[in-house]
Amino acid sequence: WAVLVAGALMGAGDVIAQQLVEQRGLHGHHCPRTLKMMAIGLCFVGPVVGSWYRILDWLIPGNTKVVAVKKVILDQGGFAPCFLGCFLAVTGATNGLSVQENWSKIQQDYMDALMTNYCIWPPVQIANFYFVPLQHRLAVVQCVAIVWNCYLSWKANRM
């Protein structure tokens, strides 16, 4: 279920990016890009993030305030930087970039995306780890992430 939600919301984020941010209009909408972003959500984002939450809950069990802060430190200090780099690499590869082009794009976009991540995700994740049961965390994150997915789609597909 959470993987399907991740795919749908990655696609929705791309539609929002194309229509509201890039203002492509319906005739200029690039449907293959939306389908790629949905596939990335289904095959990469959903499984990886869902697995990460299970691992994190196994490493640091509980849901007290202190536990939530520890999880956010591990999530944002370790997982987020790695995941973001992998996401940009996967997106570049699905866009047909060569290894060199992909590496250049990652170098261009990574730090800006990571700093934006740090503006958005720590407070969301503290609430998520403190209040939300494990089985619903990915869905909560993906609902909050509709704006983040829009940003990531715009960032990753901007050539």
Side-chain angles (χ1 to χ4, degrees), residues 1-18 20-21 33-95 97 102-103 105-158:
W1 168 250
V3 171
L4 294 175
V5 170
L9 291 174
M10 287 296 296
D14 181 69
V15 169
I16 293 167
Q18 289 193 54
L20 295 180
V21 178
R33 175 178 138 182
T34 300
L35 293 173
K36 282 186 227 176
M37 294 304 290
M38 288 178 73
I40 291 168
L42 282 166
C43 300
F44 177 70
V45 175
V48 170
V49 175
S51 296
W52 167 243
Y53 286 149
R54 286 188 295 280
I55 291 167
L56 192 57
D57 212 51
W58 175 77
L59 289 172
I60 308 170
N63 64 343
T64 65
K65 289 177 187 172
V66 171
V67 165
V69 169
K70 287 178 182 179
K71 286 180 180 179
V72 168
I73 290 169
L74 194 52
D75 179 62
Q76 293 298 303
F79 178 76
C82 296
F83 176 80
L84 189 54
C86 291
F87 174 84
L88 292 171
V90 166
T91 305
T94 62
N95 284 335
L97 298 181
N102 206 359
W103 178 243
K105 179 125 178 69
I106 291 167
Q107 287 178 310
Q108 171 189 326
D109 293 343
Y110 180 78
M111 285 308 295
D112 182 48
L114 187 61
M115 291 303 110
T116 303
N117 170 84
Y118 287 146
C119 292
I120 295 170
W121 286 109
V124 170
Q125 290 294 57
I126 284 188
N128 197 28
F129 293 136
Y130 185 61
F131 295 112
V132 180
L134 174 62
Q135 67 270 22
H136 301 301
R137 286 184 190 149
L138 179 60
V140 168
V141 164
Q142 287 300 317
C143 288
V144 173
I146 196 87
V147 172
W148 178 244
N149 293 341
C150 174
Y151 169 79
L152 281 181
S153 180
W154 168 78
K155 182 65 106 175
N157 288 289
R158 189 173 46 110

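Side-chain atoms are counted along with the backbone in the values below, which use heavy atoms only and exclude waters and symmetry mates. On a predicted model such as this, the values are computed, not experimentally measured, just so you know.
Applying side chain to side chain contact (heavy atoms under 4.5 Å, CB included) to Phe79 and the options Val48, Leu74, Leu56 leaves one that passes, Val48.
Ring planes of Tyr151 and Trp154: tilted class, angle from 30 to 60°.
From Leu97, atom CG reaches atom CD1 of Ile106 across 9.0 Å, with rounding to the nearest 0.5 Å. The distance from the CZ atom of Arg33 to the CD atom of Gln18 is 4.0 Å, given to the nearest 0.5 Å. Expressed to the nearest 0.5 Å, how far CG of Asp14 lies from CG of Leu35 amounts to 9.0 Å.
In this structure a side-chain-to-backbone donor-acceptor pair under 3.5 Å is present from Asn102 to Ala89. With hydrogens and angles disregarded, no donor-acceptor distance shorter than 3.5 Å links the side chain of Lys71 to the backbone of Asn63. With hydrogens and angles disregarded, no donor-acceptor distance shorter than 3.5 Å links the side chain of Lys105 to the backbone of Gly92. A distance-only check finds no donor-acceptor pair linking the side chain of Ser153 to the backbone of Cys150 [under 3.5 Å]. Tyr53 contributes no side-chain N or O that, together with a main-chain N or O of Phe129, makes up a donor-acceptor pair within less than 3.5 Å. Under the 3.5 Å distance criterion, the side-chain polar atoms of Tyr110 are matched with a main-chain donor or acceptor of Pro81.
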- request: Carefully, step by step, assess Lys70 and Ile73 under the rule side chain to side chain contact (heavy atoms under 4.5 Å, CB included).
  value: CA-CA 5 Å; Lys70 287 178 182 179; Ile73 290 169; 5.7 Å; no

task: Please test Asp75 against Trp121 for side chain to side chain contact (heavy atoms under 4.5 Å, CB included), starting from the C-alpha separation and ending with a verdict.
output: CA-CA 10 Å; Asp75 179 62; Trp121 286 109; 5.8 Å; no

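Within the 6.0 Å centre-distance limit, the rings of Phe83 and Phe44 are counted as a close aromatic pair.
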